[in-house]
Amino acid sequence: MIHITLQKELTAANGAMQLDISINIEQGQLVTLYGDSGAGKTSILRMVAGLLQANEGRIAVNQNTWLDTKNGICLKPQQRKIGFVFQDYALFPNMTVKENLLFALEKGQNKEIVNELIDIIELGDLQDRKPTNLSGGQKQRVALARALVRKPEILMLDEPLSALDIKMRTKLQDYILKVHKQFNLTTILISHEIGEVIKMSDTVFIIKNGKVIRQGKPIEVFTTKQISGKFQFSGEIIQIEKEDIIYIVTILIGSNFVKIVAEEDDIKTITVGDKVIVASKAFNPLLQKIN
Ligand SMILES: Nc1ncnc2c1ncn2[C@@H]1O[C@H](COP(=O)(O)OP(=O)(O)OP(=O)(O)O)[C@@H](O)[C@H]1O
């Protein structure tokens with residue numbers, strides 16, 4: 001079990017914001033932090049990693065205490081068993097893929113883990129290339145492998161996929177799920193994509209103004225009780241157009257646009273940029289393979 005209690009005064013765009021959270025994560029779970037920009041998600045990860053100091057807090061990872069401000073305990077970042085992947089890949093440009101991984105080894109650590117990761121994350125063909133000769137998705141695979149070299153207890157992923165196109169994103173999601181299971185990791189992912197949160201995580205914590213406002217299984221957290229659709233997708237509203245007495249709402253679902261007819265009452269609570277669920281109760285879709 002991982003227990004995280006943190007309090008920190010942050011300086012938000014409109015003044016001071018008190019971050020105050022207390023979360024428990026079971027060993028082996030993949031959890032997501034979801035919320036608006038500036039809600040405090042990255043600050044939480046940075047405090048867990050020891051890169052940002054909490055005003056008060058306690059972090060206990062299995063039997064070990066990483067932080068306990070009341071008792072003056074605060075492990076240095078290098079003493080916390082963390083693997084971190086950011087949106088920017090932060091690979092060393094002058095080193096090959098394999099050298100980047102070898103460089104991450106601890107002093108005296110067996111090099112076998114590097115070959116194991118090259119194998120699992122399928123970097124064999126890329127291992128002698130330098131990062132400039134890799135695509136965004138390939139670089140992020142290397143960054144993921146590098147984060148795992150020291151066999152972390154917690155893997156932290158701060159929007160690692162947001163710069164990638166939908167196809168790459170899906171592929172990387174699968175690699176993350178694979179290593180999460182194979183290395184029995186506890187993983188904390190920050191994501192803005194409802195679909196990604198639902199696909200990836202056991203539990204989602206919705207963060208707003210530095211507080212956890214909801215938590216639970218993603219599908220239950222993101223769907224209200226009224227919706228019991230048999231068929232549903234999440235997406236973002238791109239456009240709302242009035243046509244006579246109805247409205248046409250354009251929603252981006254993955255890389256596809258879908259137009260939905262809505263009535264005046266429906267659009268009262270929604271606006272462009274909102275994340276929504278599109279659900280249908282009586283729907284018999286056709287399935288067709290695409291190449
Ligand atoms: N070291 C710090 N001291 C004080 N305030 C900070 C510090 N670091 C970040 N902040 C502020 O805390 C707020 C939350 O930032 P944070 O990066 O944690 O949000 P976020 O939810 O991860 O946002 P995004 O999704 O845009 O990355 C921001 O307003 C930021 O300016």
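For ligands, and for the atoms within them, numbers begin at 1 and follow the listed sequence. Worth saying up front: this structure is predicted, and the values here are computed from it rather than measured.
Under the 4.5 Å side-chain criterion, counting only non-hydrogen atoms from C-beta, Q7 is not in contact with L19. At least one side-chain heavy atom of D174 sits less than 4.5 Å from a side-chain heavy atom of K199. By the 4.5 Å heavy-atom criterion applied to side chains, P131 and N100 are counted as neighbours. Counting heavy atoms from C-beta on, the side chains of E241 and Q239 come closer than 4.5 Å. Here the side chains of K8 and L52 are in contact, with some heavy-atom distance below 4.5 Å. With a 4.5 Å cut-off on side-chain heavy atoms, I270 and V276 count as touching. Inter-residue side-chain proximity for F183 and I113 is flagged as met; some heavy-atom pair is nearer than 4.5 Å.
Taking 4.0 Å as the cut-off, K8 does not count as a neighbour of ligand 1 on heavy-atom distance. The closest approach between G40 and ligand 1 falls below 4.0 Å for a heavy atom of the residue.
Looking only at protein heavy atoms, the nearest one to atom 29 (O) of ligand 1 is A12 CA, 3.1 Å. Closest to atom 25 (O) of ligand 1, if we only count protein heavy atoms, is K41 NZ, 2.9 Å. With hydrogens left out, the protein atom closest to atom 26 (O) of ligand 1 is S37 OG, 2.5 Å, a heavy atom. Residue, atom and distance of the protein heavy atom nearest to atom 10 (N) of ligand 1 are L10 CD2, 3.9 Å. Considering only non-hydrogen protein atoms, atom 9 (C) of ligand 1 sits nearest to S43 OG, 4.0 Å. Protein heavy atom at the shortest distance from atom 23 (O) of ligand 1 is G38 N, 2.8 Å. Protein heavy atom closest to atom 4 (C) of ligand 1, with residue, atom name and distance, is T11 N, 3.4 Å.
Looking at L19 against ligand 1, nothing comes within 4.0 Å, counting heavy atoms. Looking at R46 against ligand 1, nothing comes within 4.0 Å, counting heavy atoms.
Checked by distance only, ligand 1 and T42 come closer than 3.5 Å through their nitrogen or oxygen atoms. Taking only nitrogen or oxygen atoms, main chain and side chain alike, E9 does not reach within less than 3.5 Å of ligand 1. Between G35 and ligand 1, no N or O atom pair is found at a separation short of 3.5 Å. Backbone and side-chain nitrogen or oxygen atoms of M17 are examined, and none is located within less than 3.5 angstrom of a nitrogen or oxygen of ligand 1.
Counted within 6.0 Å of CD on Q53, heavy atoms from surrounding residues, nucleotides or ligands total 12 or fewer; the atom is thus considered open. Shown here is D36, whose CG atom has no more than 12 heavy atoms of other residues, nucleotides or ligands within 6.0 Å. Dense packing is recorded around CD of E106, with more than 12 heavy atoms of other residues, nucleotides or ligands lying under 6.0 Å away.
Using a 4.0 Å cut-off to heavy atoms of D36, the atoms of ligand 1 that qualify are 21 (O). Applying the 4.0 Å criterion to heavy atoms of H192 picks out, from ligand 1, the atoms 25 (O). Of all the atoms in ligand 1, the ones that sit under 4.0 Å from a non-hydrogen atom of E159 are 25 (O). Of all atoms in ligand 1, listed by their number and element, those nearer than 4.0 Å to a heavy atom of L52 are 1 (N).
Of the possible polar contacts, none joining the S201 side chain to the V204 backbone as a donor-acceptor pair under 3.5 Å is found.
I206 and I23 sit in two unconnected hydrophobic clusters of ILVMFWY residues. Membership requires side-chain heavy atoms under 4.5 Å apart, directly or through other members.
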